[in-house]
There are 2 protein chains.
Amino acid sequence: MPDVSGTGPEESFLAAYNPADHPPFAVTADLALLAVERGELFVLTRRRASHPFEGRLGLPSGFLGETESAGEAAERIAREKTGLGTSVAVEQLKTYTAPDRDPRMRVVSVAHVGIAATMNARLPKVVADGQTQWTRCADLKGAEMAFDHAEILEDAIERIASRMEFTLVAARFLPEAFTLSQIRMVYAAVWGVDLDPGNFQRKILASGTLEETGERYLASGGRGAPAKVYRPRVTGDPLRPAFLSPPLRRA
Amino acid sequence: MPDVSGTGPEESFLAAYNPADHPPFAVTADLALLAVERGELFVLTRRRASHPFEGRLGLPSGFLGETESAGEAAERIAREKTGLGTSVAVEQLKTYTAPDRDPRMRVVSVAHVGIAATMNARLPKVVADGQTQWTRCADLKGAEMAFDHAEILEDAIERIASRMEFTLVAARFLPEAFTLSQIRMVYAAVWGVDLDPGNFQRKILASGTLEETGERYLASGGRGAPAKVYRPRVTGDPLRPAFLSPPLRRA
DNA sequence: TAAATAGTGTCTCTCAGACAATATCTT
DNA sequence: AAGATATTGTCTGAGAGACACTATTTA
């Protein structure tokens, strides 16, 4: 009969735990920061300058500080790599723990997804370190990335794509106010489909998550009628996007 | 201008990383193992025998082995604590990283959800260590649990509840073959709602994920007509439950 | 026979998607 | 005026939920 003392394996382990006795785990936060420009989806990447995977593209990443949660670390990384302010909202995605995912040592990575708002139809500025850049997600399909970052990116896009069915997260890709064709292009970019402008408009307005600003704006740049400008209807928490009811389902 | 060398913070960190120099992170896999008996949802718990949270209920948990992924560790824990065979399928849920979640040291917990199949309408056997037991989830609502395990449990139930809308995961709570009222009671237990028997039957059969075995079985124990027995229609991967099309949406 | 469960049928309402039609604006 | 975009309207079919009704079996 095991455990006669009534003390389980993890309790006795921790009671006797001596840090120096065990090979440590390193814990990082990785970040897939997404943005949309001209109907195309981009992700923030860093080209690796050293071993391992030298020369390949990877996602920004960093170790957790001693008093920092993984989410806080991911937000810090987003701030450090972009010209965005303090308000980069990131969401935890999944944790990658394969023992050999980093050839140097055991590294557990808590991956996050974030969305960067496009202002004036331009991708946000990134630090000029010669490594950090926005990369078209379409160009990364099937491409070799560092570590398991290709898998993380794929999971990240799928997470946001599915969140967009039920919430207004898509608005995070845009400035505070935007036209319906702008947000429709965000949906189209992330889902990789074309959307009927009429049906899209009827559905997203029916969800009651948007309100008119009273202004009009010619988002298309060229011809056509200027469209009404909308903003998300404020719900209690500005970080949590409004809930779409009925949802905007993918096909 | 930072990083003139072109070497980013994480690369230089890892290159210079010396395990003994840094306070290590411990990484555990926690498991919320769910089961349904007589229309009620249960979770596998362990009553803590020592500090911290002595006397409180917690979820089974264990450290990752050196060559073990978090998912493998969670499956190992499920096997060790129950009389179930090797085929306990678990899914990663979320990682909990608050710096003070364990008062003794920095512990990052990769939480998992699992489902245990109820055979002969009885919960699976658990190891007789005097600590491990099945606990009614309804009794844990608002109860004090060890660490952040109450939050993990809540997230776990929500995850399974939402998976059940689009897949046949509900069948994992049951033996290989079952009646429609049995699987309806799984839905009712996890979702916490009553379901119209007629509508449920029409919808789940329309999804095309079940096939008749040709047998009949009186699941209710007492009166009533014996119901047809069904089994999941096999799709390629036996671990991945069939996809419900159209889905069975919650209200 | 009464009661409980299994299974089917019907009706209504909502919503999705296809697509036509009109309005508005720039070149 | 021509062309592009914005916006509204119409039609059809699928599905959800409410609920009535029949069939089958045991107490």
Side-chain angles (χ1 to χ4, degrees), chain A residues 38-39 121 162 164-166 174 177-188 191-231 243-251, chain B residues 38-39 121 162 164-166 174 177-188 191-231 243-251:
Chain A
R38 302 161 148 271
S162 97
M164 290 196 331
E165 300 186 37
F166 297 95
L174 300 171
F178 45 82
T179 67
L180 297 188
S181 45
Q182 284 180 308
I183 194 171
R184 174 167 45 84
M185 279 170 62
V186 171
Y187 274 88
W191 284 353
V193 297
D194 278 335
L195 293 169
D196 179 279
N199 291 336
F200 179 85
Q201 176 148 350
R202 177 163 35 82
K203 282 157 65 176
I204 199 150
L205 288 182
S207 77
T209 53
L210 294 179
E211 61 187 13
E212 295 186 23
T213 63
E215 295 167 9
R216 285 183 171 272
Y217 174 64
L218 183 53
S220 52
R223 330 208 184 166
K228 287 181 186 169
V229 175
Y230 293 83
R231 72 174 139 248
F243 199 87
L244 296 182
S245 168
L248 250 168
R249 307 306 310 284
R250 277 184 285 185
Chain B
R38 301 161 148 272
S162 94
M164 290 196 330
E165 300 186 37
F166 297 95
L174 300 171
F178 45 81
T179 68
L180 297 186
S181 45
Q182 284 180 306
I183 195 172
R184 191 186 69 236
M185 279 170 63
V186 171
Y187 275 88
W191 285 353
V193 297
D194 278 335
L195 293 168
D196 179 279
N199 291 337
F200 179 86
Q201 177 148 351
R202 175 163 38 79
K203 281 157 62 176
I204 199 151
L205 289 182
S207 76
T209 53
L210 295 179
E211 61 187 12
E212 295 187 22
T213 64
E215 295 166 10
R216 285 184 169 272
Y217 174 64
L218 184 53
S220 53
R223 329 207 185 166
K228 287 182 185 168
V229 176
Y230 294 83
R231 72 174 141 249
F243 199 85
L244 296 182
S245 167
L248 251 167
R249 308 303 312 284
R250 277 184 284 185

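Lettering follows sequence order; numbering is per chain, from 1.
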Summarise how protein sits on nucleotides 11-24 of chain D as a single string, 5' to 3': B when a protein heavy atom is under 4.0 Å from the base, S for sugar-phosphate-only contact, - for no contact. ----SSBBB----B
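Between the CD1 atom of I204(B) and the C1' atom of dT8(C) there is a distance of 17 Å, given to the nearest Å. With rounding to whole Å, E212(B) atom CD is found 12 Å from dG7(C) atom C1'. The distance from atom CG of L195(A) to atom P of dA6(D) is 14 Å, rounded to the nearest whole Å. Rounded to a whole Å, the OH atom of Y217(B) is 14 Å from the P atom of dG7(C). In this entry the distance linking CZ of F200(B) with C1' of dT5(C) reads 15 Å, nearest Å. A straight line from CG of L244(A) to P of dA16(C) spans 11 Å, rounded to a whole angstrom. We find that CZ of R216(A) is positioned 7 Å from P of dC25(C), with the value rounded to whole Å. The nearest whole Å value for the distance from the CG atom in D194(A) to the C1' atom in dC19(C) is 15 Å.
Among all heavy-atom pairs drawn from A188(B) and L195(B), the shortest one is N-CD1, 4.1 Å. For the residue pair M185(A) and R38(A), the shortest heavy atom distance occurs at CE-C, 4.0 Å. Smallest separation of non-hydrogen atoms from L248(A) and W191(A): O-CH2, 3.0 Å. Shortest non-hydrogen contact noted between Y187(A) and M164(A) is OH-O, 3.0 Å.
In this structure, Q201(A) reaches the dT8(D) phosphate: one of its side-chain N or O atoms is under 4.0 Å from OP1 or OP2. Side-chain N/O atoms of S181(A) include none lying less than 4.0 angstrom from OP1 or OP2 on dT5(D). Between R223(B) and dA6(C) there is no side-chain N or O to OP1 or OP2 distance below 4.0 Å.
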Let me see the working for L210(B) and F178(B) under side-chain contact (heavy atoms from CB on, under 4.5 Å), right down to the final yes or no. CA-CA 10 Å; L210(B) 295 179; F178(B) 45 81; 3.9 Å; yes
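One distance of note links OG of S162(B) with CZ of R249(B); it measures 9.5 Å at 0.5 Å rounding.
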Would you list the atom pairs, donor with acceptor, under 3.5 Å between side chains in residues 197-208 of chain B and any protein atom, with sequence neighbours excluded?
unit_1  : atom_1 : unit_2  : atom_2 : d
N199(B) : OD1    : R202(B) : NH2    : 2.6
S207(B) : OG     : I204(B) : O      : 2.7
S207(B) : OG     : T209(B) : N      : 3.4
S207(B) : OG     : T209(B) : OG1    : 2.9

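Contacts of T179(B) with the nucleic acid, taken as non-hydrogen atoms under 4.0 Å apart, are absent.
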